[in-house]
Amino acid sequence: MNLLLVCPFFPPEVGSAAHLFFDLGQALKARGHRITVLTGLPRYHVLGDQRRYRGKPFMVENFDGLRVFRVVNLKVPWNVPFLRGLDQLFSALSFGAAGLFLGPFDLAMVYSPFLPLALSTYCLSRLRGKPGVMNVQDIFPQSAVDVGILRNPLLIRLFRGMETFLYRHFSHVVAHSEGSRQHVINRGAAPEDVTAIANWVDTCAFKPGEKHNHVREALGLQDLFVVSFAGIMGYSQDLETVLQAAAILADRPEIAFLLVGDGVNKPNLQSMARTYNLRNVTFLPMQPKEKYLDILHASDLCLVTLRKEVKTPVVPSKIISIMAAGRPVLACLPLDGDAPCLINDAQAGFCLPAGRPDLLADAVLRFSQDGNLGEELGSNGRQYAVQHLSLTHAVERLERLFEAFAG
């Protein structure tokens, strides 16, 4: 099949959104399919040499064997919600116009959010008379409403109307969890048109490794109990709770917190750490994929946090990366979502209520005093990831789905 993958972020940008479709494209190509990726010029968490992308309205390149068509987008500060919305609209128009000049394809799959980009992909697939698949990650606009980013009633109605239209009219919708699937159905999609396929991880690349590696040596953490968070530091992640837990454990010199990543909330977190005089907290910038794995290996315990206001059944993709790396998960998030179900089913860690730094500090202390606990939970998570969350497992299911529509 000739498959078109549409995504707002793609390497050399780093982060879960960028690498999810990159790994998918590579796996589909290895199975004999022809892959075209439609994405934007790199601008968000970009590492490495960017000179070849500068000053170009669009470009076509071969990126690790994938044909990648990149188009211009806006460079706006992401801490201003209005400008982020404007960027989404501009990207939808830019991607849609570029799609008219792409070669033929048998099926298009789009990463969502953004909803305007999904609408653009839907229009392109209808214009070409080809099926379209919507891959739903965060539930938008509800995810933005929950944390107070989106408050305008008219905009909320507009986006909810767009959401319902897309769920009903795409050929098929793929959700990353059963809770997300149910949300899509509740918003108007027919049950037979929605499939739950968990996000994937390359378990051959992400696997257990040596804890006492160069990360610990470089940061002077050789003999400490290292608690890490690695990922986007945005409004939803509630890393304030992590810093409050670090403050509670400030008199425990054997415990160190390592916060790795970037995002709109990072300056506030760094300011908070200075105010609390947290000498047990180290910040690092966003890391490339291979160094991110080294961070996981260097960790005794890996954190996943979400604000209590997050009501959508989101499953942060960092959970499956942590599990694949054989490290235990300590999650502090709403307990009625799909993420706790995954962690509990895998017996890969503990789940705590969101916004409870006291419980988080107690759990960290327990792990630091019981080395066997972390080893056992990490081993459970690795086994579960290999059996249920591997890239191969997901691609086989997606391939059958694609063939049912495009075959």
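Values in this document were obtained by computation on a predicted structure and should not be read as measured data.
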For the pair [X] and [Y], find out whether any cationic side-chain nitrogen is under 4.0 Å from an anionic carboxylate oxygen.
X    : Y    : value
R43  : D87  : yes
D300 : R216 : yes
K289 : D23  : yes
R160 : E163 : no
R67  : E61  : no

**Message:** I'd like to check V329 versus L377 (side-chain heavy atoms, cut-off strictly below 4.5 Å). Are they in contact?
**Reply:**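 No, their side chains stay 4.5 Å or more apart.
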**Asked** Does any non-hydrogen side-chain atom of Y292 lie less than 4.5 Å from one of S321?
**Response**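 Contact flag for S321/Y292 side chains = yes.
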**Prompt:** So, for S143 and T312, which heavy atoms are closest and what is the spacing to 0.1 Å?
**Reply:**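 Heavy atoms only, the tightest pair is N-CG2, 4.0 Å.
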**Asked** According to the ring-ring contact (aromatic ring centres under 6.0 Å, His included) rule, which pairs have a member within residues 346-367, sequence neighbours left out?
**Response**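 Residue pairs with at least one partner in residues 346-367: F350-F367.
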**Asked** Distance from L4 atom CG to L107 atom CG, nearest 0.5 Å?
**Response**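 Reported value, rounded in 0.5 Å steps: 8.5 Å.
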**Item:** Distance-only side-chain donor-acceptor flag, H212 / E217, under 3.5 Å
**Value:**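 There is no such pair (donor and acceptor under 3.5 Å, judged by atom type) between the side chains of H212 and E217.
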**Item:** Pair Y122 + F165: ring centers closer than 6.0 Å
**Value:**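 Ring centroids of Y122 and F165 are less than 6.0 Å from each other.
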